[in-house]
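Some notes on the structure that comes next.
Note that the structure is predicted; figures quoted are calculated from it, not measured. Numbers for residues simply follow the sequence, beginning at 1.
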Amino acid sequence: MAGGVPHFDPPMLRAGSYLGEISALSFLPLPSHLSSRPLLLAGTGSELLLYNLETGTLLRSFHVFDGVRVHGVSVRFSPDPFIAVFGEKKVKLFILRVDANPLQVNIEFVSQLPRFEHWVLDVKFLNDDGYLALGFSDNSLALWDVDNSTLAGCLKSAERCLLYSMRIWGEGLETLRLASGTIYNEVIVWRPSCHDLHASLKSLEPITECTIHDKATQNGYQQFLPIYLSRLTGHEGSISRISWSIDGSKLVSVSDDRSARIWMPNNNGLNYHGFEDNLRSHASNNIALFGHTARIWDCHISDFLIITAGEDCTCRVWDLDGNLLLMFKEHIGRGIWRCLYDQSSALLVTAGFDSAIKVRQVCSPVVREPTKEDKLLNDVKNAREIFTIAAPQVTRQQGLMDSKSEYVRCLCFAHENVLYVATNNGILYHVEICNPGAVRWIQLAQVSKESPVICMDLMSMRSCKTSFMEYVIAIGDGMGKATVMKLICGKSTSMVVFSLTWTAEKKRQLLGIYWCKSLGCRHLFTVDPRGVLKLWKINIALDSDTDENNLKPKVSFVAEFTSYFGARIMCLDASTREQVLVCGDQRGNLTVYPLSEDIMNADSIEVVEKVSIINQFKGAHGISTVTSIMITMLGFNQLEIRTTGGDGCICYFKYDKNYQILEFVGMKQVKELSTIQSVHTSSISVIESQMGKYAIGFTSADIIMWNLANETKMLEIPCGGWRRPYSYHLGAVPEYQFCFAFVKDHNIHIHRQWVPVYERQQHTQVLHLQYHGREIHAVCFISFMLQSNPEKQFDSLIATGCEDGTVRITRCTPLSLESWSESKLLGEHIGGSAVRSICFTSKIYSIGAGQTFCSLNDVSDCSKIEPLLLISVGAKQVLTSWILRYQTADLTEQHLDTRVSETAYCSSNCKHSPISFQWLATHTPSNYASARRRLKKLPETTEHRNASPIVSDAKPEASIVENIEQNSNSASIDMHENDWRYLAVTAFLVKHVDSRFTTCFIVVACSDATLSLRALLLPYRLWFDVALLVPQPSPVLALKHVAVPLCISAYGIISTRVMHIIISGSTDGSISFWDLTEVVENFMQLVLDYQPQLLIDCQRRPRTGRGSQGGRFWRYSINQPSDKKMRESMSENKLSNGSYSRSSEPIAPESSCGQESYLVSDQIGSHHTRSSDSSFSPDSHSMTSFTKRELPPLLVLSSVHQSGVNCLHVSEVKDSNDKLGRVYCVVSGGDDQAVHYLSFKVDGPMANSASCCDKTTDFAKHMQNINLSQPSGSSFVERCSYSLMNNDHHVRILQRQSVNSAHSSSVKGIWTNGIWVISTGLDQRIRCWQIGLCGKLIERAHLIISVPEPESLDVISSDRKRYQIAVAGRGIQIIDFFPPCDED
C-alpha cells in the first residue's frame, strides 16, 4: 500500500457504500446498563447498517448478499444473540458480540441457509424451541434448527396461492401463528400442527419432498399439518404488509386500496367439524383506517398506537379506535417503505425510497404519566384554540359601509397573548387574549379623528424589567401623518410613554410605514405610491431607559430614495455593516441603495439628500409583489439577499459590495403556495438550521405554513385570502407554537396553538443521508478538484439527475465508514420535468488570432475567473446550466455559518468546500403566443436586425418574416402536443483571447430524432441556436465530445487547430461522427465582431410557470431589443473619427440592472468589457439574424449494434503508435448486450497546401454566395455546401472489435481511458475490460453491485493507481477499481 491506496495483482473491484432505498428495519434491544435505547438495524441494498440511537452514529456497515436486496431482519437476543437476514430466496445467520465501555458491537457470519425455491417473506426466531420459522411466497412454512443447522420440518398450505406479504407471530410451535396476505385481497390466518388428531385430514397431507435446494435435503424431518383459523376479507387491493400485536390478539393489514384495517382474528384451534366455520369470511370484524392518499406500504401495532406509512410520503399515528393522532411528512419521492416503533423508548423510525432514516419520539399518554420532557399526542391535538373577538365600537353593518363606519383596519401580534388592533376611526387597541373567554380591550389612543389608519408596523424592544415588555408602534393615516408611540406592557397594564406625530406625505399618499430591526427605533421609513421611500430620524432614544425630558421630540427627514421602476415599495431590509439598503416593490423588482454613515448619523439636514440607486434587478419575482426581504452576511463584502414574493418563490441573490453587483444565485418554488409572505427560521435548531425553515403564505383562500426541509404542510387555516387584514406570530417551533388572526364579517378570528416544546422532541433525527426519492437517470463526476491537484486525496463530488426533475451534488468520502457525507439540492427543472442526461465541462478551449486553438490545461487557475458548467437536460425539452463557483478564503466559517441555502451546495473535508454550484440559465422551447407577438413587432426593427452578416440577399426581411410566419404556424400545432424530451447532452467551452466572452457550446439530442447545437454566451446568459445536425432516422441516445488537435502547415507556417468532433449513438444501432469546428469558429468570430448583450437583456431567473417572467409587456420588453437602446449603444460607442468601437459599457439603467447576471470577473474586478481596436459599423447586422446551419455527419457507421446504442465514451488511446499520431477509441454498449470497440484517427490536410490558405482567405467571400434553401422543420436552416474542414479532414477507422455477450442484459453505462473499459448493465454487474492488441477486449474483473436497474455510469481517477466508479439507477453506489501495479 502506497499513500493509503492498496494495489492488487490481478486487478480488483471493491464494492463501496450504497445510497438508495431502505428496505428493512429492526430494533436490537440492549441491556439497560448498556443503553436506554435499542440499536437499529437497517437494510439498504445488499448491506446491513447498525446504528446507535443514543448517539445517532453508525457503528457498523457490512455486506450481506451479492446483488440481492435485504428484505428483512429478525433478531434473537437470548440465549445467544443471533440475527437472521433474508432477501429474495436467501437467508444468512449472524452472531452478535456486544462489548461495553465503550459500546462496541461486532457481527460475525455464522452460516447461510440453502437457497429456497420461493421468496422468503418473513422469518421469526422461536425462542422456546430453538427454531427459525421461515414463511414463503407460496404460502408455505419451514422450520430451521439453528443449533444443528438442519431443516426440522416444512409445510405447504392447502390454500395454494401467491402471497404479497406474510407475518409470523409466536415464541414456540404451540403459539405459532401465520397471517398471509393473498393476491385475492384476503388475509388468511393459520398455524401448523403436528398432533395426531389431525391425521384424518387427508386433504391436508403434508408435503413429502423438501422444498429447498438439493444440498439441503434432509431425511427424517417432522411433518406438519395446517390448521386454519380465520379468513379476513374487506380490503379492495393487494395486501402489502401485515403486523401482529405483541400479545397476538390483533393484527393490522395495509393495502393498495389506501386503507389500513385492524383485525381481531380467531386464534383458537378447532376440530375438523369446525373447520369450515373458521374459513368463513370475517368482513365485519375490523376497523378501517382511511386517510392516506396513496398505497400504504408498511404498518406497525403496539399496545396503544398504530403506525402506517405509505406512498404519499406520510407517516400517520392512530389510536386503537381508528382516530388519527398525528401525521407528518418527512420523506420525498416514491414514499415511506418501512416504519418501526419501540414502545419502551417511544421511538418511531421511518425509512423510504429517498434513503433517509428518520427517528422521532412519539409518546402515548396511556404508556406513562406525562413528564416535562414528553409531549403528549392528545395534548397537541387538543391544544389549538379557535375563538372570535369583536372590537368594542365596531358596528355590525347590515348594508354597505361608508368612510365613517368603524371596522378593523390593521392587526399586529406582539406575542401570543397580546394583539394590537387599529380601526377605521384611528383608534388603537391593546387586546389581551390570554383567556379566550375573558378578552380585555384597552384603548391606548386615537391617532386620528378625521382620517382612518392606513398602515401600521410594530417592533419589539428589550424589556426594562422582567415583568414588562417594550414595543414601538408606527402608524400612518389617510391624511399623510405618521405617528410613533412607545408602549410598556405588563401582565395587566399597558400604557403609552411616548408619542410623536408629524406630516410625512400628502393626503392619501402615505401607503406604507416600516421599521428596520438592523437600524433600531431611531430610523423609520415611509412609502408613497410612486416608489419614493423616505427615511426619517427620531432624535429621542426610544430604546433608552431614561426619559430624556431635556430633549425636545423632533423628527428629521434625512434621505429620499427614488425607485427607478416607479412602483410602490412593499418591503425592505438594511445592513449597517455593509451600508446597503435593499427594497422590493409591487411589480417584483429589487433596488439596492447606499446607506452611508453620514445619512445615519445626520441630526438635521437643510437639504434632503436624494440617494441614487446602486443596482437593480428587474423582475426578481416576475410581476408579482415582493413580500419580504432578509439580508445576511455571506462573506467579506458579500451579502446574501433572500426574498419572497407573490409568485410562490423564495429567491436568493448575492450582492458584492466591491463591484456593486447584484446576482441571482438560486430559487426555491413552493408549488402549494400562490404567494409567500415570509420565511421563518426555528430558533430551536442552530446546527440544522435548514431543518427549521418554514414558509408562511397563502393559497386563494387559506393561509398555509409549509416546512421547507420536509416539504410538509404543517398548518392550513381558511381565512379568505391575503387581502383581508391579518397578522401571525410564530414561536421557537412554529408547528407547535403559532398564532394567526384575520378579519371576517367585522370580527377577528383567532387560531392559536402554544404548547411548551423541547428540542429533543421537535426535530427529527436523521441517521442516513436523504437522497433522490426516485430513479436516477444520469450521473457525472465533478472532476475539478482532482484535475487541479492529482496527487492530493479529495472527496468525490458527484452530480446526479433524477426522474423528479431534481439535480443534486453529493459528496463521497472514500475509504470511510460513512462514505456518503452530504447531499445538496441544486434545483429542479421547470415543472419537475425528468432529468435524462447531465455533463460537466471541465476544459476550456481558447481561440486566438489566425484561428489558432489552444487548450487551457490549468483548470485550477482558470476556474476562478472562467466559468465551469454543469449541464442538465430532460423532459419537456428543458436545458438547464449550473455554474461552478470557487469561493475565496475570505469566506470564513463565521460568515458561512450564518446561512443555509436550499439552492447552494457546499462541501469540504471538514465543514465547507471552496467550490459551490448555482443556477446559471435555462433554455426551453418558446411558446406560440410569444412567437406571434414577436412577429408583429418584427417590421419595426428589421432595419437593424434582419440582414445577415453571412448571407447576402436582396430581400432578407421578407425571407425571415416568411420563415417566422411558418415557424409560428407550425408551433401552434407542436406546442399543444409537445411531448418531446431531450435524451442526451454534451458540451464544451470556447473562449476568444481577444474578448472576455466565453461561449458554452451545447449539443442536445431530442426524442424527435434531431440534434441541435446551441450556444450559451457568458457572462450575459444569452442563448443562440447555432446549427442543426442532419436529422437521423432514429433518436440519439448517447453523445460525447472530443477535441482533436491538429497541426496545419501552409507556406511554412505551422498552426495548431482543434477539431471539435461529436460522436452520437442512435436507437438503430448506428454511430455517427460530426464536425462542428467551422461552425464554432464562425460563431466566435461573430461574438468578437458584434455586441449581442446590448440588444437583448439577459435571463433573470428560472421560469416557474406562474408569472415569474411577468406579463405580456414585461416579457416582451425583456426579450426584444429596442430601437432606442440600439441607437444609444451606437452613439455612445462612436469615436471621434466616426468609427465605432466594440464596448459593452452600460448604456441605460436596463443594462446596468442586467449586471446581476455577471459571471466572469476579470483581474481588475470590473464588470465592463475591455475595448478593442476593431471597428463596429452601424450598418452591420446583429447576431439575432444568425440562422441555423444544417450539418451533415463526417461518418456514419451503421449496425454497430443490433439495437439501440444506450451509452458510449471516447478517449485518446494511451501509448499509441507514434507513426499514427493521436489515436482515439470509442466504446459503446447497447440493448443487444454487446460492448463494441473502435479506434479512429483524424487525418489532416496535406502539408504546405496553397489551396488550404486560399480557401481560408476567400472563406468570407464564398459565404456571401451561398443560396438560401427552403425552411426545414420548425427552424430556418441554411445548408452549408462549403466546409474547409470537411473537405480536407476525414475520420479513418483503424480497428473494430466487439464482445457480443458482454452482459446478460442491456448495457447501460460504459467508460474508457484508452487502457481500461468499464461497463455496467441491467444484470447488476460491473465488468472491467483491458484493451489488448488490435483492440481486443479482455475481461479482467467483474462484480455484482447493489444498484437495481442501473441507468448510468461514470468513472474518475486522479492517477492510474485507483479508479472510482459511480453507478446510478435506483440509488447510487461507488465501486473502487485497483488495476495491477504494472499497468503502465
Side-chain angles (χ1 to χ4, degrees), residues 25-27 29 72-78 84 121-135 139-143 155 157 159 163 165-182 186-195 224-235 239-254 260-270 274-275 277-282 285-287 289 298-308 318-322 339-344 364 366-367:
L25 290 175
S26 179
F27 284 120
V73 181
S74 182
V75 178
R76 186 189 75 176
F77 196 76
S78 62
L121 297 183
D122 192 23
V123 298
K124 180 72 169 60
F125 282 101
L126 305 181
N127 297 327
D128 296 343
D129 302 304
Y131 292 141
L132 177 68
L134 303 99
N139 204 13
S140 62
L141 172 71
L143 296 177
L155 173 64
S157 171
E159 189 77 19
L163 303 184
S165 59
M166 175 185 283
R167 185 56 61 94
I168 304 174
W169 177 86
E171 295 296 327
L173 291 176
E174 294 296 329
T175 59
L176 186 62
R177 302 289 185 270
L178 294 90
S180 305
T182 71
E186 299 174 343
V187 178
I188 297 178
V189 182
W190 60 287
R191 66 180 179 88
S193 176
C194 58
H195 298 290
F224 298 90
L225 298 176
I227 301 297
Y228 287 83
L229 303 177
S230 299
R231 184 189 302 272
L232 309 177
T233 61
H235 280 294
I239 313 297
S240 56
R241 196 75 167 175
I242 301 172
S243 178
W244 284 95
S245 62
I246 298 177
D247 59 0
S249 61
K250 301 180 183 66
L251 63 84
V252 177
S253 61
V254 293
R261 294 181 181 268
I262 308 173
W263 310 90
M264 286 164 282
N266 180 13
N267 289 332
N268 298 321
L270 301 179
F275 178 70
D277 295 334
N278 292 340
L279 288 182
R280 70 170 182 264
S281 300
H282 295 271
N285 191 18
N286 70 87
I287 301 175
L289 311 179
D298 199 8
C299 61
H300 181 88
I301 180 172
S302 68
D303 289 343
F304 308 102
L305 296 177
I306 295 174
I307 315 294
T308 58
W318 318 74
D319 61 18
L320 296 184
D321 295 328
C339 63
L340 195 62
Y341 182 72
D342 180 60
Q343 187 167 294
S344 61
S364 172
V366 187
V367 178

message: One pair to check against side chain to side chain contact (heavy atoms under 4.5 Å, CB included): Trp190 and Leu155. What are the steps and the verdict?
response: CA-CA 12 Å; Trp190 60 287; Leu155 173 64; 3.7 Å; yes
- request: Begin from the C-alpha positions of Leu320 and Ile306 and carry the test side chain to side chain contact (heavy atoms under 4.5 Å, CB included) through to its verdict.
  value: CA-CA 7 Å; Leu320 296 184; Ile306 295 174; 3.8 Å; yes
task: From the options Ile188, Ile239, Asn139, select the one residue that forms a side chain to side chain contact (heavy atoms under 4.5 Å, CB included) with Thr182.
output: Ile188
Validation row: [X], [Y] side chains within 4.5 angstrom (heavy atoms):
X      : Y      : answer
Leu229 : Pro265 : no
Asp129 : Leu143 : no
Leu141 : Leu176 : yes
Ile168 : Trp244 : no
Pro29  : Asp342 : no
Trp263 : Val189 : no
Leu305 : Gln343 : no

Output the distance between atom [atom1] ([X]) and atom [atom2] ([Y]), rounded to the nearest 0.5 Å.
X      : Y      : atom1 : atom2 : value
Ser140 : Met166 : OG    : CE    : 6.5 Å
Asp128 : Thr175 : CG    : OG1   : 6.5 Å
Lys250 : Ile262 : NZ    : CD1   : 8.5 Å

Give a yes or no answer on whether the side chain of [X] reaches the backbone of [Y] with a donor-acceptor pair at less than 3.5 Å.
X      : Y      : value
Arg177 : Gly248 : no
Ser26  : Ser74  : no
Asp122 : Gly135 : no

Return the minimal non-hydrogen interatomic distance between [X] and [Y], and the atom names on each side.
X      : Y      : answer
Thr233 : Asn286 : O-ND2, 4.4 Å
Leu126 : Gly170 : CD2-O, 3.6 Å
His300 : Leu340 : ND1-CD1, 4.3 Å
Thr308 : Ala260 : CG2-CB, 3.9 Å
Asp247 : Trp169 : O-CZ2, 3.2 Å
Ile242 : Ser180 : CD1-C, 4.0 Å

message: Under the criterion side chain to side chain contact (heavy atoms under 4.5 Å, CB included), I'd like the reasoning laid out for Lys124 against Glu171: C-alpha separation, chi angles, the key distance, then a yes or no.
response: CA-CA 8 Å; Lys124 180 72 169 60; Glu171 295 296 327; 3.3 Å; yes
query: Between Leu251 and Leu232, does a side chain to side chain contact (heavy atoms under 4.5 Å, CB included) hold up when you go through it step by step?
result: CA-CA 11 Å; Leu251 63 84; Leu232 309 177; 4.1 Å; yes
message: Given Ser253, which partner from the list Arg241, His235, Arg261 fulfils the side-chain hydrogen bond (donor to acceptor under 3.5 Å, both in side chains) test?
response: His235
